[in-house]
Amino acid sequence: MNSNTVNEILQGLSAPEKYISSKFFYDDAGSAIFQQIMEMPEYYLTNAEQEILAQQAGDIITETGFKGPFNLVELGAGDGSKTFELLNYLDKQNREVTYVPIDISMAAVDGLAADFAQRLPNVTLNPKVGDYFEVLNGRLKSEANPSLLLFLGSNIGNYIPGDALDLLRLFHKNMRDGDALLLGADLQKNPEVIRRAYDDPHGITRNFNLNLLDRFNRELDANFVKEQFDFYCHYNPLSGEVRSYLISLSDQVVDLADQQISFKKDELIWTELSKKYSFPELEGMAVTAGFEVKRHFLDSRSYFTNSLWIK
Ligand code: AVJ
C-alpha cells in the first residue's frame, strides 16, 4: 500500500471513534468472500437486481430514449454478471452498443472482456482498468454517442449522504445533456429481511470484516490477533442504515506500520455503511444532483430499484 493509503488507515484507527473505509474489504481474499456473500440466500440484493435487468432490459433501454448507437459505461464492473443481462438483450436486438466496463481490478476486467467477447458477438468492447473517477474524467463529454452510465449493486449505499450526493454530482458533471444514469439502490423494507442479509447465520459477513485484519497484518506489517476481535452489525429502520463494526474483545495494543494503536475492551471500529433508501430520498438526491427521474424499475418483491435518471 502506498503512503497515502497507510496514512488514511492510521488516521481512521487514531480517531476518537475508530473507522476503516469499506473500500479496503476488497483484496483478493475479500473479493472471494464477497462472492460467497452474493451466493447466500439471505443476501437478496444480487438476485433482485439480476431479475430486474433480465426481465426489464427492453423497457430500461426504451426509457433512455436513445435511438441510435450508444455507450454502456459501467463503474465498478466486477465480473459484469448482472450487466450481461442487459448486453444480451442488446446483442439479440442487434443494437449498436459499445460496452465500457471500468474496474480497478485488471483481472476482473480482463476476465469479463474475454468472456463477453465470446458470448456477445455484436457488442463492441472497450474495457478500462483504473479508478473510475480518473477513467471517467472528461471521457463522456468527448464521445460522439450518448452514454448510459451504470452504477449498480447498491454501491451507492456505502457512501454517507453528503458523499453520495457529491458522487452523483460528479457523474452529472461528466455526462452530456441527454445521457442517462441507471442507479442500483437497495430499498427500505421489513427490517428483519435487511438484518439477516448482513448479520448472516453462516458467519460469512463476519469473515468479510475480520479479513480486514488479516489484510493489514499482511500488507501493513500489523499484528492483529483475530480472536481478539468480533463482528457486530445492526440495521436502524428509521435511518435506513446498516452499520458494521469490529469490536475489540480486550484492552490491547496493536502494531501497525510502525505505530501503536490502543484498543479498549468493547471499543468499536466502524467498517461499513450499507444505506437503504426510500423513494423520496432517492428522488431528492436525483433532483439535487441535477437529474430528472425517468422511472424506477423494481424486482417482483419490491426489494431493490434500478432507477433511471436523465441529465
Ligand atoms: C457491495 C457495498 C453493495 O453494502 O451490501 C455485503 C457489501 N457488505 N455484505 C453491501 C457488503 C456486507 C455490499 N456492497
Side-chain angles (χ1 to χ4, degrees), residues 19-53 74-83 101-105 108 131-132 150-161 163-164 167-168 182-215 229-237 239-247 268-277 281-282 299 301 303-307:
Y19 61 89
I20 299 170
S21 165
S22 57
K23 71 183 176 200
F24 295 113
F25 280 136
Y26 303 94
D27 65 346
D28 288 346
S31 300
I33 303 172
F34 182 58
Q35 292 291 330
Q36 295 175 16
I37 288 177
M38 289 194 291
E39 285 160 20
M40 309 189 300
E42 293 83 5
Y43 194 75
Y44 57 83
L45 290 80
T46 311
N47 285 340
E49 189 169 47
Q50 187 131 11
E51 179 198 319
I52 296 166
L53 298 178
E74 181 166 17
L75 306 166
D79 70 358
S81 52
K82 283 167 289 193
T83 319
I102 306 174
D103 203 280
I104 30 164
S105 163
D131 181 311
Y132 48 71
L150 303 176
F151 193 54
L152 304 179
S154 186
N155 286 331
I156 191 72
N158 275 172
Y159 294 83
I160 58 171
D163 290 351
L167 184 65
L168 295 167
L182 190 67
L183 180 76
D186 197 17
L187 295 168
Q188 293 174 12
K189 61 183 70 65
N190 184 328
E192 189 53 25
V193 172
I194 295 176
R195 194 190 60 73
R196 267 203 305 272
Y198 292 86
D199 194 10
D200 74 82
H202 320 283
I204 298 174
T205 312
R206 181 175 187 277
N207 293 341
F208 186 57
N209 277 259
L210 286 168
N211 176 61
L212 286 168
L213 305 182
D214 278 338
R215 179 176 189 186
F229 289 87
D230 203 352
F231 165 67
Y232 174 74
C233 76
H234 67 91
Y235 175 58
N236 177 344
S239 65
E241 291 183 345
V242 175
R243 287 182 180 245
S244 301
Y245 303 90
L246 291 165
I247 318 166
L268 302 174
I269 311 172
W270 181 30
T271 56
E272 190 173 38
L273 169 66
S274 301
K275 163 86 176 146
K276 311 304 168 192
Y277 282 99
E281 279 174 321
L282 279 173
D299 61 296
R301 294 182 293 190
Y303 279 2
F304 197 93
T305 178
N306 284 113
S307 294

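The analysis underlying the following values was restricted to heavy atoms, covering all of them including side chains, and did not include hydrogens, waters or symmetry mates. For clarity, every value in this text was computed on a predicted model and none was experimentally measured. Note that ligands are numbered from 1 as they come in the structure, with each ligand's atoms numbered from 1 the same way.
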Practice task
With sequence neighbours excluded, tell me which residues meet side-chain contact (heavy atoms from CB on, under 4.5 Å) with Asn155.
Solution key: Phe151

Handout entry: Where at least one partner belongs to residues 29-39, residue pairs that pass side-chain hydrogen bond (donor to acceptor under 3.5 Å, both in side chains), sequence neighbours excluded
Key = none

Exercise for the section: Working to the nearest 0.5 Å, report the span between CD of Glu272 and CG of Asn158. Expected result: 4.5 Å

Problem - ring pair (Phe, Tyr, Trp, His ring centres under 6.0 Å) involving His202 - partner list, sequence neighbours excluded - result: none

Exercise for the section: Select all protein residues for which some heavy-atom-to-ligand 1 distance is less than 4.0 Å, and list them by chain and number. Expected result: Tyr26, Phe34, Ile37, Tyr43, Gly153, Ser154, Asn155, Asn158, Tyr198, Thr205, Phe208, Glu272, Ser274

Problem - Side chain to side chain, Ser244 and Asn209, heavy atoms closer than 4.5 Å - result: yes

Problem - Validation row, ring centre Phe25 to ring centre Phe208 under 6.0 Å - result: yes

